[in-house]
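Naming convention: chains lettered A, B, ... in sequence-line order (proteins, then strands); numbering from 1 in each chain.
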Amino acid sequence: MKAAAFRYERVTTIDDACRLLAADEDAKCLAGGQSLVPMLSMRLARPSTLVDLGSLDQLRYIRASGDSVEVGAMTTQRTAERSPTIRNYIPLLATAIGHIGHVGIRNRGTVGGSAAHADASAEIPSALTALDAVLVAVGPSGVRREIPAAEFFCGFMTNALAPGEVLTAVRIPGREVLDRQAVVEFARRSGDFAICGIFVAARLESGTIADPRIVVSGVSRTPVRLPAAEGALTAEVPTPALFAKAAQLPLPVEHVRSDVHGSAAFRRELAQVLIRRALAGAFAITEDS
Amino acid sequence: MNEQSVDVDLTVNGMSYRAAVPPRWTLADFLRRTCGLTGTHLGCEHGVCGACTVLVDGASARSCCLLAAQVNGCEVITVEGIGTPEALHPLQESFHRNLGLQCGFCTPGMLMTAVELLADESADLSEDLVRERMSGNLCRCTGYQAIVRSVIEAAAGSGPES
């Protein structure tokens, strides 16, 4: 199907984008288009105006500083996936991005676009949640706001940007590399949105688990962080029995998704199985059957 | 109805094309309607089948998932640009030889994805890697085995001398 008509504006400054968004509540940003253009074609989205951010080269960067890595919002997923900085300092993000769709999608899709789209079945929102990312927004007149991931992904396909704000970067804090990491997703076809996905990252300190993060995608309206499971893993020696114990803790959400792809019960069970597999993968320990 | 027009200026297979089109035209629409290059096929128009795959500035992209306006100024290669009936691309030769197509609808997308794959990692292409990298291109006819064989053989440069 063909998209419904819309006005198109290609901006050359962030401020122009902010002003266009602030002036029209039905205006939407166009980043890579890999989520938005298919939605336009299916007429699931009918914005009045598209604000194309494609000329904003100042939003294409990856910068490491002493205690964080910052990724410009218009950085393509393929660039981020292959970036030595991201692979070395925040490997979970590179792993997660590698699971997005197919190469053709990652060549054009952007880190910021996927974050702003806030799809709970997508990889970038869940990885950013696991990594305690801060999302940087700029509003009209250059006013800057930093939004923690847990607040940013605030509802079904809903982000916490205010009218007139543009997401300009994501910043991942951390001095110590969470090098024990894995992403395990379940989908019926390669590249489909995950019915359930698990994102784990941690490090080892004297043979025990330190700073573990576990996030579940695809089961609720937002990515779901598992603080109880994280607590169960902390300071423990990684073993399959420990992984099973963490996996069996109930999901801390009232609403688990039930749809044509699977019931809530199926998703809960999937989450348990995939958590065990992801932890086994992250710590390179073969799962007991 | 007075719909806005955007000027789109593209180089496609080395030739310049320029037109004023509605903003909602995708790159696929521009290639098929403005350029007359109907080798780029529309299977799903929402990014899951891969039949519309082309190269934009050297990297594969689903032309149904891009507005023409987004890629203004870019260089696009379509299936028409990789070989001719008189001088087939090695991938086209291999698909022909290995029966890597039946109805041919998915084939342009398969070829363009494979062009990028061969350029990326042409050394040591395992069957698993080829399957994974081609998994975004759907085929209803062949059952994929012949497609995988076609790609691997083209990568190895093997097959009878032409």
Side-chain angles (χ1 to χ4, degrees), chain A residues 1-11 27-57 74 76-79 81-82 98-110 113 187-193, chain B residues 1-8 21-29 33 42 44-74 109 112-117 119-121 128 131-138 144:
Chain A
M1 174 148 71
K2 302 299 184 185
F6 49 82
R7 252 208 96 67
Y8 171 87
E9 302 282 354
R10 186 151 179 146
V11 295
K28 270 202 76 69
C29 280
L30 177 65
Q34 302 307 285
S35 296
L36 185 55
V37 176
M39 287 177 72
L40 296 173
S41 294
M42 290 190 283
R43 300 203 174 190
L44 291 173
R46 298 182 70 143
S48 54
T49 301
L50 274 200
V51 180
D52 189 350
L53 306 178
S55 295
L56 298 180
D57 286 334
M74 290 297 286
T76 68
Q77 292 156 7
R78 191 66 168 153
T79 298
E81 175 189 359
R82 294 178 134 177
H99 281 257
I100 295 174
H102 305 285
V103 171
I105 291 168
R106 306 199 292 277
N107 282 332
R108 302 297 311 191
T110 64
R188 294 181 67 190
R189 283 175 311 200
S190 174
D192 274 3
F193 281 110
Chain B
M1 164 172 146
N2 268 340
E3 201 175 342
Q4 180 194 11
S5 271
V6 287
D7 283 320
V8 178
V21 300
R24 58 188 162 139
W25 274 35
T26 61
L27 172 59
D29 291 330
R33 297 161 138 189
L42 292 172
C44 72
E45 282 201 285
H46 64 274
V48 299
C49 80
C52 70
T53 304
V54 297
L55 299 181
V56 178
D57 291 342
S60 71
R62 286 156 193 247
S63 59
C64 78
C65 290
L66 292 170
L67 300 179
Q70 270 183 281
V71 294
N72 189 37
C74 292
M112 301 315 291
T113 299
V115 165
E116 182 182 56
L117 174 54
D120 260 354
E121 277 155 323
D128 276 353
R131 283 183 184 279
E132 198 240 304
R133 287 288 297 261
M134 304 290 296
S135 66
N137 291 81
L138 303 181
Y144 300 105

Per-residue contact mode, [X] against chain A (heavy atom under 4.5 angstrom):
{"X": "B:Leu42", "answer": "side chain"}
{"X": "B:Asp57", "answer": "neither"}
{"X": "B:Thr53", "answer": "neither"}

Counting only heavy atoms closer than 4.5 Å, note whether [X] contacts chain B via side chain, backbone, both or neither.
{"X": "A:Leu30", "value": "side chain"}
{"X": "A:Met39", "value": "neither"}
{"X": "A:Arg108", "value": "side chain"}

#### Entry: Steps toward side chain to side chain contact (heavy atoms under 4.5 Å, CB included) verdict (B:Arg24, A:Leu40)
CA-CA 9 Å; B:Arg24 58 188 162 139; A:Leu40 296 173; over 6 Å; no
### Query
From B:Gln4 CD over to A:Arg7 CZ, what is the distance, rounded to the nearest 0.5 angstrom?
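Answer rounded to 0.5 Å: 4.0 Å.
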### Query
Among B:Ala69, B:Cys64, B:Ala59, B:Ala61, which residue forms the greatest number of heavy-atom pairs with chain A at distances under 4.5 Å?
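Between B:Ala69, B:Cys64, B:Ala59, B:Ala61, the count favours B:Ala69.
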### Task
Mind ranking B:Leu138, B:Asp29, B:Thr26 by heavy-atom pairs under 4.5 Å with chain A and telling me who comes out on top?
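So the answer, after comparing B:Leu138, B:Asp29, B:Thr26, is B:Asp29.
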Taking every non-hydrogen atom, the tightest pair across [X] and [Y]:
{"X": "B:Ser60", "Y": "A:Asn107", "value": "O-ND2, 2.8 Å"}
{"X": "A:Val37", "Y": "B:Leu67", "value": "CG2-CG, 4.2 Å"}
{"X": "A:Ala31", "Y": "B:Gln70", "value": "O-NE2, 3.5 Å"}
{"X": "A:Gln34", "Y": "B:Cys65", "value": "NE2-O, 3.0 Å"}
{"X": "B:Glu45", "Y": "A:Met1", "value": "OE1-N, 3.4 Å"}

Find the one option among [options] whose heavy-atom pairs under 4.5 Å with chain B are most numerous.
{"options": "A:Leu36, A:Ile105, A:Asp192", "answer": "A:Ile105"}
{"options": "A:Arg189, A:His102, A:Arg10", "answer": "A:His102"}
{"options": "A:Gly32, A:Gly54, A:Gly101", "answer": "A:Gly32"}

